[in-house]
Amino acid sequence: MSKIRLRFAPSPTGYLHIGGARTALFNWLLARKTGGTFILRIEDTDVARSTQESVDAILQGMEWLGLDWDEGPFYQSENFPLYKEKVQDLLAAGKAYRCYCSAEELEAKREKALAEGRKPKYDGTCRNLGGSDDGRPFVVRFKAPQYGVTSFIDLIKGPISFNNEELDDLIIQRSDGTPIYNFVVVVDDAIMGITTVIRGDDHINNTPRQILLYEALGYAVPTFAHVPMILGSDKTRLSKRHGATSVMAYRDMGLLPEAMINYLVRLGWSSGDEEIFSREELIEKFSIEAVGKSAGVFNPDKLLWLNAHYIKTGDTERLAGLLLPFLAERGIDPASGGPDLQAVVKTLQERAKTMLEMADGAVFYYTPELSYDEEAVAKQIKPETSSYLQSLTTALKAGPEFSHDGIESIFKEVCAGLGIKMGQIGPAVRIALSGGTVSPSIYEVMEVLGKEETCRRLERAIARFTAGQG
RNA sequence: GGUCCCAUCGUCUAGCGGUUAGGACACCGGCCUUUCACGUCGGUAACAGGGGUUCAAGUCCCCUUGGGAUCACCA
């Protein structure tokens with residue numbers, strides 16, 4: 001059995017979006033699982049709409065997700081001579097013909113047909129004209145069979161068939177001599193030896209025309225697998241209206257690529273009751289036949305849940321590295337002072353759903369001159385608070401060790417000595433250290449901050465609270 | 001409108017003729033707790049409708065309804 005060859009073929013007219021990423025992922029997984037070849041091909045035959053920025057954005061998205069390709073990226077725009085030659089072959093064989101109808105009159109006919117409730121199909125005006133190139137502008141149309149049935153067995157959807165009379169003579173070459181997608185994709189997939197075409201199911205209606213083209217060109221027809229679309233919360237095709245659709249936008253929102261991969265693969269595919277899959281498990285367990293037939297709604301909440309999981313269980317050192325740019329956006333550079341970043345990350349891992357949240361939660365560690373949350377101060381700081389904090393600070397300074405457990409026992413001793421409960425001093429300490437009422441455990445915070453900085457923040461707060469109360 | 005695809009909790013799904021229809025997210029409670037989270041225990045919630053086939057249908061067939069895709073000198 002020969003190796004299967006797969007491809008992801010985005011058009012560079014925008015960034016890599018969620019749907020494209022999932023299609024790429026399915027291709028990649030199948031290639032890695034079967035030891036096949038994964039090819040990246042840029043479909044830039046529409047010169048007017050294709051941009052280098054889009055190509056870069058797509059490549060960047062693929063790299064972020066860790067979807068590496070074995071061959072390419074290939075650019076269709078570099079193959080124009082080949083396509084032209086294939087068009088000539090078809091013309092010479094009488095399987096295609098020149099059409100002189102203008103775009104305007106075609107458009108008019110289409111609108112008329114639609115308005116009258118008829119199918120907007122090419123009427124075949126030039127189909128049997130014959131003759132050769134006489135200098136007038138023309139497009140080349142494929143002479144499609146007018147009867148019979150074209151069918152294929154989709155790996156995901158099962159058997160699908162179309163009556164050929166529903167298909168019209170599609171244009172394969174524009175009047176400017178450049179080829180059209182449906183033609184190019186066939187030539188390229190054939191030339192590249194693609195055995196299995198995995199793509200969005202919005203291509204199902206293109207498939208019979210393409211099969212006819214494969215046959216006309218004398219190529220073997222590949223196997224098809226059409227993956228269902230991704231919908232927005234209102235069940236319409238996912239678009240900007242539903243929120244971010246760019247894969248890279250999710251990175252910028254603090255998502256981890258493994259969370260994205262895990263989410264995307266589970267949207268439409270499952271393996272029993274499992275929810276969490278490592279890359280290795282996916283390669284082992286994925287199968288294209290197990291992909292569901294129906295479209296799925298993109299659920300950001302579940303993506304976030306997965307992200308939280310991967311942050312919680314992720315490698316602290318790596319997360320610290322990933323956090324850097326988010327901290328930089330907040331004007332913080334851990335390298336220029338402050339507590340150890342990895343220690344900071346450790347206190348935030350199980351309470352941050354995104355790297356962005358983690359960055360927000362880390363800010364106070366690197367802000368020596370904190371401003372205190374007014375509302376929290378008003379509510380939590382009592383007249384006696386300062387003396388409590390003073391007792392605690394004194395004990396802390398005298399304490400031998402400054403570890404989580406050591407701090408905890410000092411806390412307990414101080415509370416016992418003062419005859420107060422944790423709740424009477426804890427909130428004030430939290431405000432003194434973090435500026436507000438939400439932070440990791442204060443023992444952890446103190447340990448990360450270190451004895452010196454902890455005591456400094458406590459004393460600063462005591463001074464402030466005392467002054468504030470006149 | 002023609003053609004094609006699809007249909008289990010709000011969402012993602014398990015199910016592949018006989019199940020108290022399971023899991024996950026979200027949501028609602030309890031526990032844990034110095035805050036926020038995490039964790040943990042429990043709860044609400046689904047087979048679109050109608051015909052068949054069968055001893056037996058969420059599972060197979062047909063119709064209806066609903067949703068989606070597509071009908072470019074875009075990809």
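All heavy atoms count here, side chains included; hydrogens, waters and symmetry mates do not. Note on naming: letters A, B, ... go to the chains in the order of the sequence lines (proteins, then strands), and numbering restarts at 1 for each one. All values derive from a computational prediction rather than experimental measurement.
The pairing partner recorded for B:C47 is none, the criterion being a Watson-Crick or G-U wobble arrangement whose two distances lie under 3.5 angstrom. Of all nucleotides present, none satisfies the Watson-Crick or G-U wobble test against B:A21 with each distance under 3.5 Å. When Watson-Crick and G-U wobble pairs are counted only if both distances are under 3.5 Å, B:C9 pairs with no nucleotide at all. Across all strands shown, B:A69 forms a Watson-Crick or G-U wobble pair, both distances under 3.5 Å, with B:U3. Summarising the base pairing, B:U53 is matched to no nucleotide, lacking a Watson-Crick or G-U wobble pair whose two defining distances lie under 3.5 Å. Using N1 to N3 plus N6-O4 or O6-N4 for Watson-Crick, or N1-O2 and O6-N3 for G-U wobble, each under 3.5 Å, B:G39 pairs with B:C31.
Regarding A:N163, its CG atom lies at a distance of 9 Å from the P atom of B:U3, rounded to whole Å. The CG atom of A:L167 sits 12 Å away from the P atom of B:A72 (whole-angstrom rounding). In this structure, A:R266 atom CZ and B:C12 atom C1' are separated by 6 Å, rounded to whole Å. Counting to the nearest Å, the C1' atom of B:A72 and the CG atom of A:D202 are 15 Å from each other. Following rounding to the nearest Å, A:K293 (NZ) and B:U8 (C1') show an atom-to-atom distance of 15 Å. Across the protein-nucleic acid pair, A:L306 atom CG and B:C38 atom P stand 14 Å apart, rounded to whole Å. A:L303 places its CG atom 12 Å from the P atom of B:A26, with the value rounded to the nearest Å.
Side chain A:N206 to base B:A75: a donor-acceptor pair is found below 3.5 Å. For A:E274 against B:G23, a side-chain-to-base donor-acceptor contact under 3.5 Å is absent. The base of B:C36 sits within donor-acceptor range of the side chain of A:R351, with an N or O pair under 3.5 Å. For A:S439 and B:C36, a side-chain-to-base donor-acceptor distance below 3.5 Å is absent, hydrogens and geometry of angles not being considered.
Side chains of A:Y250 and A:N307: a donor-acceptor N/O pair is absent below 3.5 angstrom, by distance only. Between the side chains of A:R199 and A:T207, at least one donor N or O lies within less than 3.5 Å of an accepting N or O. A:R430 and A:S434 are not linked by any side-chain donor-acceptor pair at a separation below 3.5 angstrom, with hydrogens and angles left out of the test. Side-chain atoms of A:Q52 and A:D56 form a donor-acceptor pair, as typed in the model, at a separation below 3.5 Å.
Remark: ring of A:H203 stacked against base of B:A75; centroid gap under 5.5 Å, plane tilt under 30°.
A close approach under 4.0 Å does not occur between any side-chain nitrogen or oxygen of A:K302 and OP1 or OP2 of B:U13. For B:A14, the OP1/OP2 oxygens have a side-chain nitrogen or oxygen of A:S270 closer than 4.0 Å.
Considering only side-chain atoms of A:I180, the nucleotide from B:A75, B:C38, B:A7 that sits closest is B:A75.
Between A:G426 and A:W269, it is A:W269 whose nearest contact on RNA chain B lies nearer the 5' terminus.
Among the heavy atoms of the strands lying under 4.0 Å from A:V139 is at least one base atom, whether or not backbone atoms are also near. Residue contacts for A:P208: at a heavy-atom cut-off of 4.0 Å it reaches no nucleic acid atom on any strand shown.
A heavy-atom distance below 4.0 Å to RNA chain B is reached by these residues of residues 221-240 of chain A, ordered by number: A:M229, A:K235, A:T236, A:R237.
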